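Structure first, then comments.
As a basis for the values below, the full set of heavy atoms in this structure was taken, side chains included, without hydrogen atoms, waters or symmetry mates. Please read these numbers as outputs of a predicted model, since none were measured by experiment. Just so it is clear: chains get the letters A, B, ... in the order the sequence lines come, proteins before strands, and each one is counted from 1.
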Amino acid sequence: MTPFTERIIGVIGDIPEGKVMTYGQIARQAGSPRAARQVVRILHAMSKKHRLPWHRVLNVRGEIAIQDDESAQLQRFLLEAEGVHVSDDGVVWLEEYQHRPDED
DNA sequence: GCCATGGCTAGTA
DNA sequence: GCCATGGCTAGTA
């Protein structure tokens with residue numbers, strides 16, 4: 001596992017319950033502002049093994065970005081279970097729920 | 001060669 | 001809607 005991957009995993013693992021971050025924000029936080037797509041990949045590949053709160057990661061508009069319906073439903077369920085409100089079309093209000101470590 | 005992005009433009013209303 | 005991006009991974013040699 002590369003240092004880059006470890007940083008991404010660290011950032012994702014630090015998202016508190018009831019909060020969300022965006023792909024690009026996680027990439028920036030890990031020091032690679034353009035690596036949003038890698039965040040996608042790493043989430044997919046590492047979520048299980050590293051017990052990552054993958055469901056707390058959304059796209060820049062606060063949308064559930066996952067394509068697969070079942071997984072998208074699960075993501076919504078997990079978010080709502082920890083108090084994050086998800087609109088009918090799968091959008092979370094970032095103003096309220098986005099986790100902002102330090103600054104960003 | 002892939003991609004669960006993101007930012008910019010183009011086109012519609 | 002288009003396409004640059006960046007790190008990983010698959011596949012070839």
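In this structure, A:M1 places its CE atom 11 Å from P of C:dT9, rounding to the nearest Å. Distance CG (A:N59) to C1' (B:dG7): 13 Å, rounded to an integer number of Å. Spacing between atom NE2 of A:H44 and atom C1' of C:dG7 amounts to 16 Å, rounded to whole angstrom units. Regarding A:Q25, its CD atom lies at a distance of 16 Å from the C1' atom of B:dG7, rounded to whole Å. Atom P of nucleotide C:dG7 and atom CD1 of A:I8 are separated by 9 Å, given to the nearest angstrom. Protein atom CD1 of A:I26 is 20 Å distant from nucleotide atom P of B:dC3, rounded to whole Å. Distance CD1 (A:I66) to C1' (B:dT5): 15 Å, rounded to an integer number of Å. Put simply, CD1 on A:I9 is 13 Å from C1' on C:dG7, counting in whole angstrom units.
Within the shown strands, C:dA4 is the pairing partner of B:dT5 under the Watson-Crick or G-U definition, both distances less than 3.5 Å. Base-pair partner of C:dA10: not found among the strands shown (Watson-Crick or G-U wobble, both distances under 3.5 Å).
Closest of all the heavy-atom pairs between A:R56 and A:G18 is NE-N, 4.3 Å. Shortest non-hydrogen contact noted between A:L94 and A:R61 is CD1-C, 4.2 Å. Contact detail for A:R76 and A:S87: the closest heavy-atom pair is NH2-O, 2.9 Å. When all heavy atoms of A:S71 and A:W54 are compared, the pair lying nearest together is O-CH2, 3.9 Å.
When side chains are defined from C-beta on, A:Q25 counts as touching A:P101, because their heavy atoms get closer than 4.5 Å.
For A:V60, taking side-chain heavy atoms from C-beta onward, the closest of the listed nucleotides B:dA4, B:dG7, C:dG6 is B:dG7. If you check B:dG6, C:dC8, B:dA4 against the side chain of A:Q67, the one that comes closest is B:dA4. The side chain of A:T22 has B:dG6 as its nearest neighbour among C:dG6, B:dA4, B:dG6. Closest to the A:R41 side chain, of the nucleotides C:dG6, C:dC8, B:dT5, is C:dC8.
Nucleic acid contact for A:Y23: base, since at least one base atom lies under 4.0 Å from a heavy atom of the residue. Residue A:L43 is classed as a base contact, given a heavy-atom separation below 4.0 Å to a base. Residue-level contact check: A:S71 touches neither bases nor backbone, having no heavy atom under 4.0 Å from any strand.
In this model, no side-chain donor or acceptor of A:R34 finds a partner on the base of C:dT5 within 3.5 Å.
In this structure, A:T2 does not reach the C:dG7 phosphate: none of its side-chain N or O atoms is under 4.0 Å from OP1 or OP2.
When each of A:R37 and A:T5 is assigned the nucleotide of DNA chain C with its nearest heavy atom, A:R37 is the one assigned upstream, toward the 5' end.
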